[in-house]
Every structure is written in C-alpha cells, then in structure tokens.
> 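After the structure tokens below, expect a handful of questions from me.
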Amino acid sequence: MAVIHHTTLKPTKLELLTDWLPTRPWYRGTAQAPALTKSGGFRLEDPAGEVGIEFMVATDTSAPEPTVYLTPLTYRGAPLDGAQHALVGTMEHGVLGKRWVYDGCHDPVLVTGLVSLIEGRAQAHAQSIDGALDPEVVRSYTGAPLTMDGFTPDPADDQAGTRLRAPHGTVLHVHRVLTPAPENPPLCPEGAIGHVARAWQDPQGAGLTAVFATLRTA
C-alpha cells in the first residue's frame, strides 16, 4: 500500500502544472498563465509499490468562467525510459527526495491501472488519506476481460483530450477538460463500454460531477 507523505514539495504540483498546461492542445486558457487551485481527484495503487498515481482535478480561475482540467500524473524516483516528452517536471519531495512527474497518459503503470479500475479489478483510493478507498468514484464496464500484459501507451492529444489505443481493439479517452454532467452519478456515455466518473468542488464549494474517462470499441 502506498504511503501518503504530508510534507513539502518544491516546486509544488500546481506550480509544475502552471507551466505545463499552456503547452497542451486541450488547454482552454487565454491568460499568460493559469491561476490553478486543486479541486479534487483520487489515487490508484501501483501493484509494485514503486510509482505514485494521482488523478488531480485542477481549476483555472484566470478567466471569468473557470475551466476544470483533469491531470493524471505519475511520480517516480527515477526517469521513465523513453518518456522525456511526457515529463511535466521534477520536484524535491521532503521525504522521498527528487521525483520525476509525468503526464500519466504516457505512463504504462497509470494506464494499466485506469483500465483495471474501469473493469473493476482495481479500486480508487482517497487522494490524501492513507489506506482509505474513495467511495465517490463511479465506474462501469460491459465488455470482455482485457489483458494489459506488455501494453505500451501511445496517446494522441487534441482539443477534446487524450485518446489511447488500448488492447483488444478498444480506445481509452481521457477527458482533460471536465464538463459537469446533468445527472449524479454520471451515466456511462452512449456507445461506450466503460467509464469512470467522480465529483469535485467548484471555487464556491459546490459539488459537480463529470465523466473522467471512457472506454470504447474502435
């Protein structure tokens, strides 16, 4: 089980994201830099206990109408081979030392964990509480079992988010800009065979929910 250390981070996660988000094709901001606040999210466990996995919801309040981003991140104690293009940045952890922070859609550990969550083989964990599960995460799956052995992610970013070719002719779509759903909990979108959804808080403290990721047949 991963241990959550409540310690210092230099720079902070939000500081790293402030520089990184404007470089993404799905970034919606027009200001010189986003004004980010952490609004929610959840974690997954790495079965090997080596990689930190977090799905962070970050709200940009630099414009009159806030934009909410989903930023899947992985935290590693050493560089991930072949993933320099996916590096969000490095930070100094008060307990663990230097950590390499990656866009998790390029990290096979996160992608495998997300597919396992959709299938129901993995559980979502609370973002900031050791050992606690996150009961607010909703998932569904109606397809055949998927095998992730040897899977290497090859994500494609566009204005709608990130899409990855997953095993057995499926496509995983990570929704980078979150749109509140009319129902709570959000239903699996039409045509999808699986999804993950969760709630977060807007800047006024109101609860909103959205689909975070969907799995579809190609």
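Excluded from the calculations below are hydrogen atoms, water molecules and symmetry mates; all remaining heavy atoms, backbone and side chain alike, are included.
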> Rounded to the nearest 0.5 Å, what separation is found between the CG atom of Leu110 and the CD1 atom of Ile53?
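Between atom CG of Leu110 and atom CD1 of Ile53 there are 5.5 Å.
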> Hey, quick one: are Val57 and Val211 part of the same hydrophobic cluster, counting side-chain heavy atoms closer than 4.5 Å, chains of contacts allowed?
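Each belongs to a different hydrophobic cluster.
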> Do Asp157 and Arg24 have side-chain heavy atoms sitting under 4.5 Å apart?
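Yes. Closest side-chain heavy atoms under 4.5 Å.
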> Would the number of heavy atoms belonging to other residues, nucleotides or ligands and lying under 6.0 Å from CZ of Arg165 be above 12?
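Counting other residues, nucleotides and ligands, CZ of Arg165 stays at 12 neighbours or fewer.
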> Any chance you could measure Leu114, atom CG, to Asp107, atom CG, to the nearest 0.5 Å?
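Here the interatomic distance stands at 12.0 Å.
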> Please check if the side chain of Arg139 supplies one atom and the backbone of Ile118 the other of a donor-acceptor pair under 3.5 Å.
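Flag set: sc Arg139 to bb Ile118 pair under 3.5 Å.
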> In Å and rounded to the nearest 0.5 Å, what is the CZ to CD1 distance from Arg43 to Ile129?
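It is 11.5 Å, given to the nearest 0.5 Å.
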> Can you name the nearest heavy-atom pair linking Trp200 to Ala210, along with the distance?
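So the minimum-distance heavy-atom pair works out to CZ3-CB, 3.3 Å.
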> Any chance you could measure Thr18, atom OG1, to Leu36, atom CG, to the nearest 0.5 Å?
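Thr18 atom OG1 to Leu36 atom CG measures 4.0 Å (nearest 0.5 Å).
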> Is Leu17 reachable from Val177 through a run of hydrophobic residues whose side-chain heavy atoms are each under 4.5 Å from the next?
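Per the 4.5 Å side-chain linkage, Val177 and Leu17 are co-clustered.
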> So Val174 and Leu164, side-chain contact (heavy atoms from CB on, under 4.5 Å) or not? Walk me through it.
CA-CA 8 Å; Val174 179; Leu164 304 96; 4.2 Å; yes
> May I ask you to decide if Leu80's main-chain N or O and Tyr102's side chain share a donor-acceptor pair within less than 3.5 Å?
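Side chain of Tyr102 to backbone of Leu80: a pair is present.
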> Specify the closest pair of heavy atoms between Leu16 and Thr90, including all atoms of both residues, with the distance to one decimal.
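Heavy atoms only, the tightest pair is CD2-O, 3.9 Å.
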> Could you pull out all residues at least two apart from Lys38 that satisfy side chain to side chain donor-acceptor pair (under 3.5 Å)?
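Per chain and number, Lys38 pairs via side chain to side chain donor-acceptor pair (under 3.5 Å) with no residue.
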> Can you check whether Asp134 reaches His125 side chain to side chain, under 4.5 Å on heavy atoms?
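No - every pair of side-chain heavy atoms lies 4.5 Å or more apart.
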> Are the charged groups of Arg76 and Asp46 less than 4.0 angstrom apart, N to O?
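No, this pair does not count.
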> What's the spacing between Asp202 CG and Thr61 OG1 if we round to 0.5 Å?
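Reported to 0.5 Å precision, the distance equals 11.5 Å.
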> Is the side chain of His106 donor-acceptor paired with the backbone N or O of His85 at a distance under 3.5 Å, no angle test?
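Checked: no pair found.
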> Any donor and acceptor pair, going by atom type alone, linking the side chain of Glu119 with main-chain N or O of Tyr141 inside 3.5 Å?
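Such a contact is absent between Glu119 side chain and Tyr141 backbone.
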> With a 3.5 Å distance limit and no angle check, can you tell me whether Thr71 reaches the backbone of Met56 through a side-chain donor-acceptor pair?
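A pair under 3.5 Å: yes.
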> Find the distance between NE2 (His173) and OG1 (Thr162) and round it off to the nearest 0.5 Å.
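Answer for the NE2-OG1 pair, His173 versus Thr162, is 7.0 Å.
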> So does Gln159 get a backbone contact from the side chain of Arg28, meaning a donor-acceptor N/O pair under 3.5 Å?
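Pair found, side chain donor or acceptor close to backbone of Gln159.
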> Count I, L, V, M, F, W, Y as connected when their side-chain heavy atoms are under 4.5 Å apart, and connections chain through other members. Are Leu87 and Val51 then in the same cluster?
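No, separate clusters.
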> If you group Ile, Leu, Val, Met, Phe, Trp and Tyr by side-chain heavy-atom gaps below 4.5 Å, do Val138 and Leu208 land in one group?
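No, Val138 does not connect to Leu208 through the hydrophobic network.
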> Would you indicate whether the side-chain heavy atoms of Leu172 and Val111 approach each other to under 4.5 Å?
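Side-chain contact under 4.5 Å: yes.
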> Check Glu136 against Ala199 and note the closest heavy-atom contact, atom names and distance.
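In this case the closest contact between Glu136 and Ala199 is OE1-CB, 3.6 Å.
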> Sequence neighbours excluded, which residues qualify as ring-ring contact (aromatic ring centres under 6.0 Å, His included) partners of Phe42?
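Expected list: Phe55.
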> Closest heavy-atom contact between Ala33 and Ser62?
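Looking at all heavy atoms of both residues, the shortest contact is O-CB, 4.0 Å.
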> Measuring only between side-chain heavy atoms, which start at C-beta, is Pro145 closer than 4.5 Å to Arg121?
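Answer no - side chains too far apart.
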> Does the side-chain contact (heavy atoms from CB on, under 4.5 Å) test come out yes or no for Val137 and Val196, once each step is laid out?
CA-CA 7 Å; Val137 173; Val196 171; 4.0 Å; yes
> Taking all heavy atoms of Pro72 and all of Cys105, pick out the closest pair and write down the distance.
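Distance-wise, the nearest heavy atoms are CG-SG, 4.2 Å.
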> Looking at Glu183, I want to see if its CD is surrounded by more than 12 non-hydrogen atoms of other residues, nucleotides or ligands under 6.0 Å.
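More than 12 heavy atoms, drawn from other residues, nucleotides or ligands, come within 6.0 Å of this atom.
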> Shortest non-hydrogen contact from Tyr27 to Pro22?
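The answer is CD2-CA, 3.5 Å.
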> Kindly say whether Ala35 contributes a backbone atom to a donor-acceptor pair with the side chain of Asp60 at under 3.5 angstrom?
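At least one qualifying donor-acceptor pair exists.
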> Evaluate Arg163 against Asp158 for salt bridge (Lys or Arg N to Asp or Glu O under 4.0 Å), listing each step before the verdict.
CA-CA 8 Å; Arg163 289 179 172 82; Asp158 58 28; 3.2 Å; yes
> Spell out, yes or no, whether Trp100 and Met91 are grouped together once hydrophobic residues are joined by side-chain heavy atoms under 4.5 Å, including indirect joins.
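In one cluster: no.
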> Taking atom types as modelled and ignoring hydrogens, do the side chains of His195 and Thr214 form a donor-acceptor contact shorter than 3.5 angstrom?
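The answer is no; no qualifying pair exists.
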